[in-house]
Student: 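Dropping the structure in here first, questions after.
Every number for a ligand or one of its atoms is a count from 1 in the order of the listing. No hydrogens, no waters, no symmetry mates; every other heavy atom, side chains included, goes into these values.
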Amino acid sequence: MSTPATRQRPNILITGTPGTGKSTLAEQLADKFKFDFIEIGKIVKDFKIYTAYDEEYQSHVLDEEKLLDHIEDRMDSDSGGVVVDYHGSDFFPERWFDFVIVLRCANAILFDRLKARGYNDFKVRENVECEIFGSLLEEARDAYPEERIHELRSEGPTDLQKNIEKITELVRSWKQ
Ligand SMILES: Nc1ncnc2c1ncn2[C@@H]1O[C@H](COP(=O)(O)OP(=O)(O)O)[C@@H](O)[C@H]1O
C-alpha cells in the first residue's frame with residue numbers, strides 16, 4: 001500500500017467541472033514530468049467500467065468499485081508519478097494523492113466550451129451550475145487535507161502556462 005510517506009514521486013489528481021481543462025493540463029504535466037497519465041473517462045469507456053447509460057446526462061454511470069480495482073495496482077505502487085484526471089475526487093483513497101488540483105473557470109467561458117463539445121442544454125446547465133456552486137472544490141475539501149488542495153484558474157493559455165509552472169514548483173519542492 002502506497003502513501004505520501006512511502007512514495008518516491010508524487011501522485012497528482014487534476015479535478016474540476018467537465019470543460020475546465022483537466023485533460024489539457026494533465027496531459028502536458030504527464031509529458032513534462034514523464035509521469036503516467038490516467039484519464040479516468042477514457043478508461044471507463046475503454047474497459048466499460050460503468051453500470052448504465054444516463055440518457056439525460058448523455059453519459060455513463062461510473063462503477064466506482066470496479067474502477068478502483070482497475071487502477072489500484074498502479075496507484076498503490078511506491079514509484080508514484082501518476083497524473084489522474086477526473087471530475088470527482090472523493091471516492092479515491094485519500095492516501096493516493098499528494099496534490100489535488102481543482103481547476104476553476106468563469107461561467108461564460110465554460111458555457112462556450114461545453115456548447116462547442118456538443119453537450120445538450122441540460123448537460124451544459126448542470127455543469128455550469130456545478131461550477132457556480134464550486135461543487136468539485138467542496139468535494140475535494142471534504143475528502144483531502146487542505147494543504148494538498150490547490151485551486152487554480154483555467155481560462156486562457158496564460159493560465160495553462162502558469163498552472164504548469166505552479167505544479168512544477170510543487171513537484172520540485174515535494175518532500176524537501
Ligand atoms: N487554459 C486554457 N485556455 C484555453 N482553452 C483551454 C484551456 N484549458 C482547456 N482549454 C480548452 O477547453 C476545452 C476543454 O478542455 P479539456 O481539457 O477537455 O477539459 P476537461 O478535461 O476538464 O473536460 C478544450 O477545447 C481545451 O482546448
Student: Enumerate the atoms of ligand 1 whose separation from the nearest heavy atom of Arg117 is less than 4.0 angstrom.
Tutor: 14 (C), 16 (P), 18 (O), 19 (O), 20 (P), 23 (O)

Student: Tell me if the CD atom of Glu147 is crowded by more than 12 foreign heavy atoms within 6.0 Å.
Tutor: yes

Student: Say whether Pro18, considering both its backbone and side-chain N or O atoms, lies within less than 3.5 Å of an N or O atom on ligand 1.
Tutor: no

Student: Write out the residue and atom name of the closest protein heavy atom to atom 19 (O) of ligand 1, then the distance separating them to 0.1 Å.
Tutor: Gly21 N, 3.1 Å

Student: Locate the shortest heavy-atom distance separating Thr15 from Tyr86; write the atom from each residue and the value.
Tutor: OG1-O, 2.9 Å

Student: Among Ile14, Asn127, Asp159, Thr24, whose heavy atom sits nearest atom 27 (O) of ligand 1?
Tutor: Thr24

Student: Write out the residue and atom name of the closest protein heavy atom to atom 1 (N) of ligand 1, then the distance separating them to 0.1 Å.
Tutor: Gly156 O, 2.9 Å

Student: Mark up the atoms of ligand 1 that fall under 4.0 Å of a heavy atom belonging to Lys22, in ascending order.
Tutor: 17 (O), 19 (O), 20 (P), 21 (O), 22 (O), 23 (O)

Student: Would you name the heavy atoms of Gly19 and Arg117 that are closest together and state the gap between them?
Tutor: N-NH1, 3.8 Å

Student: Check each atom of ligand 1 against the heavy atoms of Leu160 and keep those under 4.0 Å away; list them by number with element.
Tutor: 1 (N)

Student: Taking only residues at least two apart or on different chains, which pairs with a member in residues 95-106 satisfy side chain to side chain donor-acceptor pair (under 3.5 Å)?
Tutor: Arg7-Asp98, Asp76-Arg95, Asp76-Trp96, Arg104-Glu131, Arg104-Glu151

Student: Any side-chain to backbone donor/acceptor pair from Lys48 onto Lys45? Under 3.5 Å, distance only.
Tutor: no

Student: Any heavy atom of Pro157 sitting closer than 4.0 Å to ligand 1?
Tutor: yes

Student: Under the salt bridge (Lys or Arg N to Asp or Glu O under 4.0 Å) rule, collect the residues that match up with Arg125, sequence neighbours excluded.
Tutor: none

Student: Is it the case that more than 12 heavy atoms not belonging to Glu126 sit under 6.0 Å from its CD atom?
Tutor: yes

Student: What protein heavy atom is closest to atom 7 (C) of ligand 1, reported as residue, atom name and distance in Å?
Tutor: Arg113 NH2, 3.5 Å

Student: With the threshold set strictly below 4.0 angstrom, can you tell me whether any protein non-hydrogen atom sits that near atom 25 (O) of ligand 1?
Tutor: no

Student: Touching ligand 1 at all, Glu155? Heavy atoms, strictly under 4.0 Å?
Tutor: yes

Student: Please check if atom NZ in Lys115 has more than 12 non-hydrogen atoms from other residues, nucleotides or ligands closer than 6.0 Å.
Tutor: yes

